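Notes follow the structure.
Bear in mind that the values here come from a model prediction, so they are computed numbers and not experimental data. Letters go in sequence order (proteins before strands), and every chain restarts at 1.
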Number of protein chains: 2
Amino acid sequence: MFVKSGALFSSRCSDMVLSMSSSRTARERVRAELTREITDIARSQLATEGAGGLSLRAVAREMGMVSSAIYRYFPSRDDLLTALIVDGYNAVGEAMESADAARPREDHTGRWLALCHAVRDWALAHPHEYALLYGSPVPGYQAPDDTIVAAVRGTLVYGRIVSDAHGAGSLTPPDICPPSPASFAEDAARVREIMPEVPDDVVARALIVWTGLFGWINFELFGQFKNTILDPAAAFDHSVRCQARFLGLPA
Amino acid sequence: MFVKSGALFSSRCSDMVLSMSSSRTARERVRAELTREITDIARSQLATEGAGGLSLRAVAREMGMVSSAIYRYFPSRDDLLTALIVDGYNAVGEAMESADAARPREDHTGRWLALCHAVRDWALAHPHEYALLYGSPVPGYQAPDDTIVAAVRGTLVYGRIVSDAHGAGSLTPPDICPPSPASFAEDAARVREIMPEVPDDVVARALIVWTGLFGWINFELFGQFKNTILDPAAAFDHSVRCQARFLGLPA
DNA sequence: CCGTTCTGAGAGCAATGCTCTCTTAGGAGA
DNA sequence: TCTCCTAAGAGAGCATTGCTCTCAGAACGG
């Protein structure tokens, strides 16, 4: 009932095993089903209570199960959180992807703006989940590598925009920055896997702009702007437009 | 034994009542003393375990008290956290202040760079505390207004630098940004209380730069830069130098 | 000196994460 | 179809947490 084709998906795939739906045995199917149900309930708890309010026992209760049964699916609370984080990264990543795809490929500035607003909109719609991804790491919890690779998905979109703009020759960054430090060359090379062909200087700017985007959203979402910004949407839009110019995108 | 004169203070003042030391009655003195001891222990717990690992009972245990006694000093765990947050803001604020004060007043760029490095250094030295301040708000916890006013302290330093630079005529922002939205005028006026005389356009840039600073530190501290930046200090320095140029500070 | 207030102790409640053991149901091979 | 083995849920239990009571003693102000 979850794999109806055109249906609205309230759940997000997190487990490897889930991706190959209608798997062999009935037991495996119901296991996948239950796993998904657990993450769904957990996600709704996360949305209402925040990461700290996520309780395995409450999830079990809501499922009509006994708490110990949950441990057949997630060996610990942290593993559940990890699954939610991976889901979250995929969700923002998807939001970024479709926002980007909705713009003509050569409208680099428009793609960047759409990307930014997609992130902010998603963050406002899922504040606790956003906090889980881009806020402080959850107490006593160390992000496993799974989450890191999931986190890259959104960054890929960004990288493509920058790379496309550079490739099209429409990237004319203002000449205001000092040269990047020598130690940055290697980093830039690594980042270039995500935004090919882009010179070091632009890579550096791209990082600044990218962190600036999330820095702004964090401030807005985590209350640092309280009593300061009256029209957050407009201010945000202006901010990312400026960032675009700093990066070298056309107005 | 705690108020030895020349002693090294590991504790930070949080309560109003603490500031006027050697208060009237002995009872009040010991109360202030114990309050401070509680926050000290709590802070060290925070430093090692993170916000989630902060336990009232553990604090009580370490003090040789029974847990319920703590509630005579802090009505709830959240209130303890609030005190720690206020302390934290004051600590970063102080770090910013002294970094700023160590530079000649007319070296605006140097003051900005010193400010940035002071924040980063403090963040690296107290990651959990920093996360409490600039990361996601703690689960189920809503920042009271006390913390907001405390948060301003560091921002004041920043405002003074921008304002000084502008007043000295050494602020020449590159003309790359679109005009700020109409709705921003009122916000700018409010921000101008912190950085007087500064025109709207510069206020907008100042906000972008400020959020960018914390955005970068967040990425670095919360692991978003994992496997990306090899020499974080150098990259950070370059980033804030670029930000300075974007703001209009001389190179 | 006496009554008020403040403070710590102690027990207790509800809730949490997690670990056991036990029983039952599902599935694979004969 | 029968037989085993494994997986899954139930249930009890442990240590821990935040927080609320009540109670006794100490400090304080008059």
Set of ring pair (Phe, Tyr, Trp, His ring centres under 6.0 Å) partners for Tyr89(B), sequence neighbours left out: Tyr134(B)
Gap between atoms CD and P, on Glu33(A) and dA8(D) respectively (whole Å): 14 Å
Whole angstrom value for the distance that separates C1' of dA26(D) from CD of Glu28(B): 16 Å
Residues which pass salt bridge (charged side-chain N to carboxylate O under 4.0 Å, His left out) with Arg120(B), listed by chain and number, not counting sequence neighbours: Glu220(B)
Side chain of Tyr73(B) (C-beta onward), nearest among dA9(C), dT7(C), dA7(D): dT7(C)
Spacing between Glu37(B) atom CD and dT7(C) atom P, to the nearest angstrom: 15 Å
Base-contact (B) and sugar-phosphate-only (S) positions in nucleotides 14-21 of chain D, heavy-atom cut-off under 4.0 Å, - elsewhere: ---BBBB-
Nucleotide dA8(D), atom P - distance to CD1 of Ile70(A) in whole Å: 13 Å
Sugar-phosphate, base or nothing in reach of Leu34(B), heavy atoms under 4.0 Å: sugar-phosphate
Donor on one side chain, acceptor on other, Asp79(A) and Thr82(A), under 3.5 Å: no
Salt bridge (charged side-chain N to carboxylate O under 4.0 Å, His left out) involving Arg153(A) - partner list, sequence neighbours excluded: Glu94(A), Glu97(A)
Residues which pass ring pair (Phe, Tyr, Trp, His ring centres under 6.0 Å) with Phe222(A), listed by chain and number, not counting sequence neighbours: none
Residues forming a salt bridge (charged side-chain N to carboxylate O under 4.0 Å, His left out) with Glu62(A), sequence neighbours excluded: none
Protein-nucleotide distance (Arg27(B), atom CZ; dC6(C), atom P), rounded to Å: 7 Å
